[in-house]
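Note that these values count all heavy atoms, side chains included, but never hydrogens, waters or copies made by symmetry. Remember, it's 1-based here, ligands and their atoms both numbered in the order they're listed.
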Amino acid sequence: MPHVNKTTNLDAEISSTDLGELPADVVTDHNHKLYIETVGCQMNMLDSELVVADLRKRGYELTQNIKEAETILFNTCSVREHAEHKIYSSLGRLRYGSRKNPRKVIGVMGCMAQKDQKLIFQKAPQVDFVVGTGQLAQVSELIEKARIHHSKNERSRELAVGLGRKDGKHAEITNSFQSYDPLRDPEMRPSPYQAFVRIMIGCDKFCSYCVVPSTRGPEQSRSPREIISEVKVLSNQGVKEVTLLGQTVNSYKHTQDGKLFRLSDLLYLIHDIEGIDRIKFVTSYPKDMTTDLLEAIRDLPKATRYLHVPLQHGCNDVLKYMKRGYTVEDYREMMQRINEILPGCSVSSDFIVGHPGETEESHQKSLESIREFRFKNSFIFKYSERPGTKAAERFPDEISDKIKKRRNNEMLKVQNEISEEDNAEFIGKQLAVLVEGPSKSAQKAVDASSDTLAEQLVGRSNCDRIVVFDGSSRLAGSIAHVEIFDVTPTTLIGSIVTKEYQHNPGSSLPILQ
Ligand code: 5AD
Ligand code: SF4
């Protein structure tokens, strides 16, 4: 049985006092090279960022070379089966090498750790510790414990995980999942100007197909006080854009000093923080898209006009199987409110194809919903049966992979057509783009008149569209005005508007979002 806030060695219990009984070099004699592989969502990316930042403070150094690393971490995802396969095959490749070097410590963290627990040691005996999503603060201690075991020639099998959703009282289960949000290392962020900020953990929606309510535990919102102080620190470090994270981020609720704070209240508080230019939040749940939130976005210029609100399916019968708790009509009503209050707001969605109960006719309704709601983009997933979920218990996974693949491609094709059509509307218009830095396609030319490089830069508009254009990398972190001259389904291509033009408010085309 998993323990709350306590680690268990499955072969022998060792208490934390054991750490002090060994000479320091036994614990520290290793090369401090850390390799981490992360799969899954933005929440996982943030978790990895925070764990790495903590380990760097303890002298670790990141390496991309798994062979030289003596500390190897896998941050895992369980949402679909193939994400798990990927990790087990990476672990398989380490099986032989880890036996040769007793200094190598291998840890598995994240959703698969919480879901599979001991099974991971059975499938991958070279793993030293398994740490769930709510126990990340323990990672450095678990690494040290593993080293102690190795130094004694013992096998290390430390397990630190939260309680299952039926394994105790609600408060106990909730307590066993702790949000992990230490102050972080600026070098670990996706870019120096952007940062994720967790505002809540867990999920209580229990969609029938989804493992997240058990892998991430009960819904818990962080206090506005903690969030605000974190955003202030980030702003002092040069962050311009914060993305607030939660599995159902718009369900955020926290009572502080007797006052209830919702996401709209939080947006107002963050909006007042000097230095922050943009505020985004993902992922929203359709039923919690309240009017106060839409009005806050309307009234706060720093809030982006972009919402990620997964519909998941365009057919009410399938939505019912999915236990999503709304109908297509409810979603339509939400979209009408979004369009009325926030004209020009982009909305993106997730869809699942091949969910049990999906017929050819219901699949057509999903295609139709993309045409009707004109999503900016959609993430489309083939249904993957997840053991332990209601869908796995109740319905056979009867739709073949071939059909899922075909439906997936049909969805992508329609979505691409819509995205390209809507992107084409931007041709000839100007957008305010938060410049992230050089695009993936490397430096294009060197500006001979100065030392600055003229390269292809990438950034995002206020409606979350990816914009590429040529410019100096010195623009990174600033808002540039870019005129669009070409588009693809995923990208707007433009050229930067001259400074003269920018500084002349009397002239010109209106600057859009
Ligand atoms: N199979 C396929 N896709 C899934 N998702 C969640 N669970 C499953 C599953 N079992 C998708 C949903 C969710 C996204 C993060 O992953 O669309 O919004
Ligand atoms: Fe999973 Fe549904 Fe929660 Fe999203 S809202 S994390 S799909 S259970």
J.: Identify, for atom 11 (C) of ligand 1, the protein heavy atom at the shortest distance, and state residue, atom and that distance.
T.: Arg80 NH1, 3.3 Å
J.: Counting from 1, what ligand 1 atoms have a heavy atom of Val79 closer than 4.0 Å?
T.: 4 (C), 5 (N), 6 (C), 7 (N), 8 (C), 9 (C), 10 (N), 16 (O)
J.: Under a 4.0 Å heavy-atom limit, does Ile352 contact ligand 1 with its side chain, its backbone, both, or neither?
T.: side chain
J.: Report yes or no: does a heavy atom of Lys382 sit under 4.0 Å from some atom of ligand 1?
T.: yes
J.: Might you confirm whether atom NZ of Lys259 has over 12 heavy atoms from other residues, nucleotides or ligands at distances under 6.0 Å?
T.: yes
J.: Run the salt bridge (charged side-chain N to carboxylate O under 4.0 Å, His left out) check on Asp397 and Lys404 step by step: do they pass?
T.: CA-CA 11 Å; Asp397 178 14; Lys404 287 178 186 168; 3.0 Å; yes
J.: In plain terms, say whether Glu241 and Arg460 are close enough for a salt bridge, that is, a side-chain N and a carboxylate O under 4.0 Å apart.
T.: no
J.: For atom 7 (N) of ligand 1, grab the closest protein heavy atom and report residue, atom and distance to one decimal in Å.
T.: Tyr209 CD1, 3.3 Å
J.: Going by the atom numbers of ligand 1, which of them fall below 4.0 Å from some non-hydrogen atom of Asp350?
T.: 13 (C), 14 (C), 15 (C), 17 (O), 18 (O)
J.: So which protein heavy atom does atom 7 (S) of ligand 2 come closest to, and at what separation?
T.: Tyr209 OH, 3.3 Å
J.: Less than 6.0 Å separating the ring centroids of Phe373 and Tyr331?
T.: yes
J.: Taking everything shown except Lys320 itself, do over 12 heavy atoms lie less than 6.0 Å from its NZ?
T.: no
J.: For Glu361, I'd like to know if atom CD has over 12 heavy atoms of other residues, nucleotides or ligands within 6.0 Å.
T.: no
J.: Please confirm whether the ring centroid of His254 lies under 6.0 Å from the ring centroid of Phe261.
T.: no
J.: Ignoring waters, how many N, O or S atoms from the protein are under 2.8 Å from atom 2 (Fe) of ligand 2?
T.: 1
J.: Just jot down the ligand 1 atoms closer than 4.0 angstrom to any heavy atom of Arg386, in number order.
T.: 10 (N)
J.: Does any part of the side chain of Ser362, heavy atoms only, come nearer than 4.5 Å to the side chain of Tyr321, both counted from C-beta?
T.: no
J.: Can you confirm whether Leu367 sits close enough to Arg407 that some side-chain heavy atom of one is under 4.5 Å from a side-chain heavy atom of the other?
T.: no
J.: Counting each atom of ligand 1 from 1 as listed, which ones have a heavy atom of Gln312 under 4.0 Å away?
T.: 12 (C), 13 (C), 17 (O), 18 (O)
J.: Taking atom NE2 of His313 and atom CZ of Phe351, what is their separation to the nearest 0.5 Å?
T.: 8.5 Å
J.: For Tyr383, take its heavy atoms, then give the atoms of ligand 1 lying under 4.0 Å from any of them.
T.: 1 (N), 2 (C)
J.: Rounded to the nearest 0.5 Å, what separation is found between the CZ atom of Phe206 and the NZ atom of Lys390?
T.: 7.5 Å
J.: Would you mind checking which non-hydrogen protein atom is closest to atom 1 (N) of ligand 1, with the distance to 0.1 Å?
T.: Ser384 N, 3.0 Å
J.: What is the minimum heavy-atom distance between Cys77 and Gly40, and which atoms define it?
T.: CB-CA, 3.8 Å
J.: Can you tell me which portion of Phe381 lies within the under-4.0 Å heavy-atom range of ligand 1? Options are side chain, backbone, both, or neither.
T.: side chain
